[in-house]
Amino acid sequence: MTSDSQGQIRVRFAPSPTGYPHVGNIRTALFNWLFARHHGGTFILRIEDTDTARRVEGAVESIMDGLRWLGLDWDEGPVFQSDRLALYREAADTLIRKGMAYRCFCSSQRLEQVRAEQSLQKLPPRYDGHCRTLTPEEVARRLDANEPSVVRFKTPLEGDTVVADLIRGDVTFSNATLNDYVLLKSDGYPTYHLANVVDDHDMRITHIMRADEWISSTPLHVMLYDAFGWTPPAFAHLPMILGPDKAKLSKRHGATTVTEYRDEGYLPEALFNFLALLGWALDDKTELFSREELVAAFSLDRVGKTAAVFNKPKLDWMNGVYIRALPLKEFAHRALPYLERDLPASVARPLDAAYVSRVAALVQERTKVLSELAALCEFFFVDTLTYPPSDLVAKGMDAAGTRAAMHAVLRGLETSESWNATSLESVIRPACDLTGLAPKQLFGVLRVAFTGRTAAPPLFDTMEVLGKTRCVKRLADAIALLDTHQTGTANASNV
Ligand code: GLU
């Protein structure tokens, strides 16, 4: 295994702040972090912000937020490439001096023309080498005249460049298919290639783990290391992440940025576990891993060659597993901000944490993502419920029987001394005998009266949490609603 002189593993996550971090970026960060932690190495955060035109406001903060949220702490950085421009310019000069790079003064119009001609001849677009042979005197004269120029790499016209990849094996590129890539732009900013190579060398990076799509840049990087006389780090290009339709994961597959997953109420530990399995596996069955287990088990030789498929139902399942495993207190604590955010505006804020905790106990088992909580338990918080009165009439029962049962329960509740699931059951069950309703029927009616819906957490527990005042009022409201409904629709039946 390659490592620097102290045998220390040094890896980096090097995002470009051209957008909010998506699943692919974070998977890259995670693999680098796991590798560093597994080897007791160093994980560095480097912001590759030299593409000034594509810089997105807030992207750096969002990247750091996402890393912090997932617990991917960095040991060095953030290092901003925009703070290190002198280093790259110096490096470009070095290559010019060595005759391995050259100044190019071609205007964009000329380059456009070259491309158009190549396209007519069905040739791949590449620089035609026009400025390769300018004399030093001519270069000096044009620089003095302040003619804009870029620095290009003098890619060998023949031979092959081999990228030795820890995951893919040796990948060979024919130099003739490569370009005289730009290293330094006319504004003095380096391109990705130059800054990336200079920094990886300068930061003594031992392993580069990055998305597969960068492999086409790697032959140039290998040639650059060579040109500088530096030993390249080891390369490991991570498999692509595809959507369920096998197309590259994108917006149309749903949430793609880390912030969106947080907003939707995925737990960071669940996303962490899920992302670790996008391209890495311990075996063909183990799916649930704690952070510590992943740190202990992670190795590059178990990173797959084939693309990983982003399986959203699996993420939902995994999130549910992690939610159920939380101690109740912790679950309630994490649920609180989502409820604060998502419950209807009519519900007074701040919410009562103790009450939220009692509600949480009833819904934890059935929660998959925290953002669905408000809908699941809104009835615990709102003042009035709305539902169609017909929901109240038990299947196979007439309104008269239903109403009689409700009255019996209401009397029982009003006079009930104690208020807990057991005492409530002993008040309600007798009402069945009294009215001939099957327990299932009566419970169904009461569920609608107390929650406004036909599916809800266990009835007596729900009533215990709702409390006497709310329950008595809701049942009285339900009876009134049934009365109005009946007067309106079935007056003649005289019920
Ligand atoms: N700035 C590149 C990116 O956004 C870094 C690629 C690399 O790790 O070399 O992915």
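Indexing begins at 1, ligand by ligand and atom by atom, following the structure's order. Every value quoted in this text rests on a predicted model; they were computed, and no experiment measured them. Numbers here are sequence positions counted from 1.
Summarising the geometry of Ala91 relative to Val198, their closest heavy-atom pair is CB-CG2, 3.6 Å, with the distance given to 0.1 Å.
Distance from atom 1 (N) of ligand 1 to its nearest protein heavy atom, with residue and atom name: Glu48 OE1, 2.6 Å. Looking only at protein heavy atoms, the nearest one to atom 8 (O) of ligand 1 is Arg12 NH1, 2.7 Å. With hydrogens left out, the protein atom closest to atom 6 (C) of ligand 1 is Tyr192 OH, 3.5 Å, a heavy atom. Annotation: atom 5 (C) of ligand 1 to nearest protein heavy atom, Ala14 O, 3.1 Å.
Below 4.0 Å from some heavy atom of Arg210 lie the following atoms of ligand 1, by number and element: 7 (C), 8 (O), 9 (O). Those atoms of ligand 1 with a heavy atom of Asn196 less than 4.0 angstrom away are 7 (C), 9 (O). Distances below 4.0 Å separate heavy atoms of Ser16 from the following atoms of ligand 1: 1 (N), 2 (C), 3 (C), 4 (O).
With Phe289 as the fixed residue, the ring pair (Phe, Tyr, Trp, His ring centres under 6.0 Å) test singles out one of Phe274, Tyr322, Trp280: Trp280.
No hydrogens or angles considered: nothing links the side chains of Asp212 and His237 as a donor-acceptor pair under 3.5 Å.
Within 6.0 Å of NE2 on His253 lie more than 12 heavy atoms contributed by other residues, nucleotides or ligands.
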Note to self: Determine whether Tyr20 and Asn25 satisfy the following criterion, side chain to side chain donor-acceptor pair (under 3.5 Å), listing intermediate values before the conclusion.
What the structure shows: CA-CA 9 Å; Tyr20 287 8; Asn25 300 133; over 6 Å; no
Margin query: Run Arg68 and Asp73 through salt bridge (Lys or Arg N to Asp or Glu O under 4.0 Å) and show every step you take.
Written below: CA-CA 6 Å; Arg68 282 196 200 99; Asp73 54 329; over 6 Å; no
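Taking any N or O of Pro15, backbone or side chain, none lies under 3.5 Å from an N or O belonging to ligand 1.
Residue Met209 places every heavy atom at 4.0 Å or more from ligand 1.
Counting heavy atoms from C-beta on, the side chains of Glu48 and Asn196 come closer than 4.5 Å.
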